[in-house]
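Below you'll find the structure, written out as structure tokens, and then a few comments.
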Amino acid sequence: YRSEHPEWFDGGCVCGTEGCGWEERPRECWFMPYLPDLNYRNHAVLTQVVDDTLELLRRFDVDGVRVDAAKHMDHVVMRTLSRRLREDFEAGGGAHIYSVGETFTGGDGRGTIMEYVSPDELDGQFDFPLFWTIRSAFAGNATMRDLEGAMLASRDAYGDAHRSMSPFLGNHDIPRFSTEAAGNGQGAWGDTPDLLADGADFVTQWDLVNRQSMAFAFTMTQPGLPLIYYGDEIGLAGDADPDNRRFMVWEGRSGNQEELL
């Protein structure tokens, strides 16, 4: 459609290429050469996308909406979505629909996260800066003092929005906790062993079970709305994307998986 409707699209460079870094031009770059960005400054495009989103919310009666890659979109998207959620749902007596954004940052990204959180945009975002320290503390070599520092830094940076943020232990863009803790990753396209799937009915991986259960204990008791990425509750293995998107194990789980669950 790009040749027929050039006004629907924006940008043109590909994220990560020379002069078009992910952080350098986050709102203009395309994720792939075949995925042109929609031009959300075009009112018709913006309205259509938001209308489609609201239709899905009505159809499936969900309680929240996740905005992917928030820093790669114009603020007009979040502002319009927030306004329409209030007008179309809450104004008629409906419950508040929680909106959470995904803005991938490093440990120093709290300021970037807060750029999209306000009464007129997102309720909260996934707390990536805290996530990195949780990972380091329970799967690496960070200390409990480091973890306390990260927790307090998030509290101070987010202010009143602190209780609307989402702490988490894993997601679809990073290696699984169990694989990182075991240090046995074989790459995104490799054959990383799933250690917690072994052992039949017996618990043979107490170190991994204990590490991940304690990491969950910390994450799930933080202020906010914690995220559990499917499979982490049974210690599913997986290196970088796409290896971290293996099928969920619903039946025939091992003793290790059941113990963690």
Side-chain angles (χ1 to χ4, degrees), residues 1-54 56 64-85 99-118 120-132 135 154 157-158 161 165-166 168 170-176 180 185 187-189 227 229 238-245:
Y1 293 109
R2 192 178 176 223
S3 60
E4 299 175 14
H5 298 280
E7 72 278 8
W8 290 358
F9 303 97
D10 197 9
C13 65
V14 179
C15 301
T17 58
E18 185 176 356
C20 194
W22 289 90
E23 306 301 326
E24 185 181 9
R25 299 175 66 181
R27 295 178 193 168
E28 298 175 296
C29 68
W30 302 357
F31 280 20
M32 290 291 174
Y34 52 83
L35 287 177
D37 273 7
L38 291 173
N39 177 14
Y40 288 110
R41 288 288 173 177
N42 181 317
H43 183 70
V45 171
L46 175 64
T47 301
Q48 185 65 60
V49 171
V50 173
D51 282 347
D52 290 346
T53 302
L54 297 182
L56 291 172
V65 58
R66 171 189 179 274
V67 177
D68 184 57
K71 70 179 179 182
H72 294 285
M73 289 188 290
D74 196 292
H75 284 274
V76 70
V77 177
M78 279 69 78
R79 290 171 182 163
T80 303
L81 178 63
S82 175
R83 177 178 59 80
R84 290 289 303 280
L85 288 174
S99 62
V100 60
E102 186 243 15
T103 296
F104 198 111
T105 69
D108 59 350
R110 293 179 177 86
T112 301
I113 283 176
M114 283 302 294
E115 289 181 18
Y116 303 89
V117 177
S118 77
D120 296 317
E121 292 196 47
L122 298 171
D123 292 318
Q125 294 223 60
F126 297 113
D127 194 348
F128 276 91
L130 178 61
F131 159 78
W132 296 116
R135 272 292 183 100
S154 286
Y158 302 148
M165 296 294 180
S166 181
F168 64 102
N171 77 3
H172 57 287
D173 288 323
I174 48 184
R176 293 280 188 173
E180 186 166 324
W189 302 96
L227 161 74
Y229 178 49
D239 208 335
D241 180 14
D243 191 38
N244 57 2
R245 305 188 189 211

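Nothing fancy with the numbering, it's 1 onward along the sequence. FYI, side chains are in, hydrogens and waters are out, and symmetry mates aren't considered; it's all heavy atoms of this structure.
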Nearest 0.5 angstrom please: [X] [atom1] to [Y] [atom2], how far?
X	Y	atom1	atom2	value
R245	D173	CZ	CG	6.5 Å
D74	L38	CG	CG	12.5 Å
L122	R79	CG	CZ	11.0 Å
D10	E28	CG	CD	7.0 Å
D37	W30	CG	CH2	7.5 Å

Is the backbone N or O of [Y] less than 3.5 Å from a side-chain atom of [X], with the two atoms forming a donor-acceptor pair by type?
X	Y	answer
S99	V65	no
W8	N42	no
T80	V77	no
S82	M78	no

Please identify each residue that fulfils ring-ring contact (aromatic ring centres under 6.0 Å, His included) with F9, with sequence neighbours left out.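 For F9 there are no ring-ring contact (aromatic ring centres under 6.0 Å, His included) partners, ignoring immediate neighbours.
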
Taking the side chain as C-beta and beyond, is there a heavy-atom pair between [X] and [Y] under 4.5 Å?
X	Y	answer
L81	V67	yes
F104	I174	yes
K71	W22	no
Q48	H43	no
V117	D123	no
N39	V45	no

What is the minimum heavy-atom distance between G106 and P129, and which atoms define it?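 Answer, listing the atom of G106 first, then P129: O-CG, 3.6 Å.
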
For Y158 and D127, does a side-chain donor sit closer than 3.5 Å to a side-chain acceptor? yes

Would you tell me whether R27 and H75 have side-chain atoms, one donor and one acceptor, within less than 3.5 Å of each other?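 The criterion, which ignores hydrogens and geometry beyond distance, is satisfied for H75 and R27.
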
Between F168 and F128, how do the two ring planes meet: parallel, tilted or perpendicular, split at 30° and 60°? perpendicular

Enumerate the residue pairs fulfilling side chain to side chain donor-acceptor pair (under 3.5 Å) with a member in residues 101-111, sequence neighbours excluded, ordered by first and then second residue. T103-Q125, R110-S154

R176/D243 salt bridge by N-O under 4.0 Å criterion: no

Would you say C13 and C20 have SG atoms less than 2.5 angstrom apart? yes

Determine, step by step, whether N244 and D239 satisfy the side chain to side chain contact (heavy atoms under 4.5 Å, CB included) criterion, reporting the C-alpha distance in whole Å, the side-chain angles of both residues, the deciding distance to 0.1 Å, and the verdict. CA-CA 6 Å; N244 57 2; D239 208 335; over 6 Å; no

Can you tell me if E18 has over 12 outside heavy atoms packed within less than 6.0 Å of its CD?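 No - once you tally the heavy atoms of other residues, nucleotides and ligands closer than 6.0 Å, there are 12 at most.
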
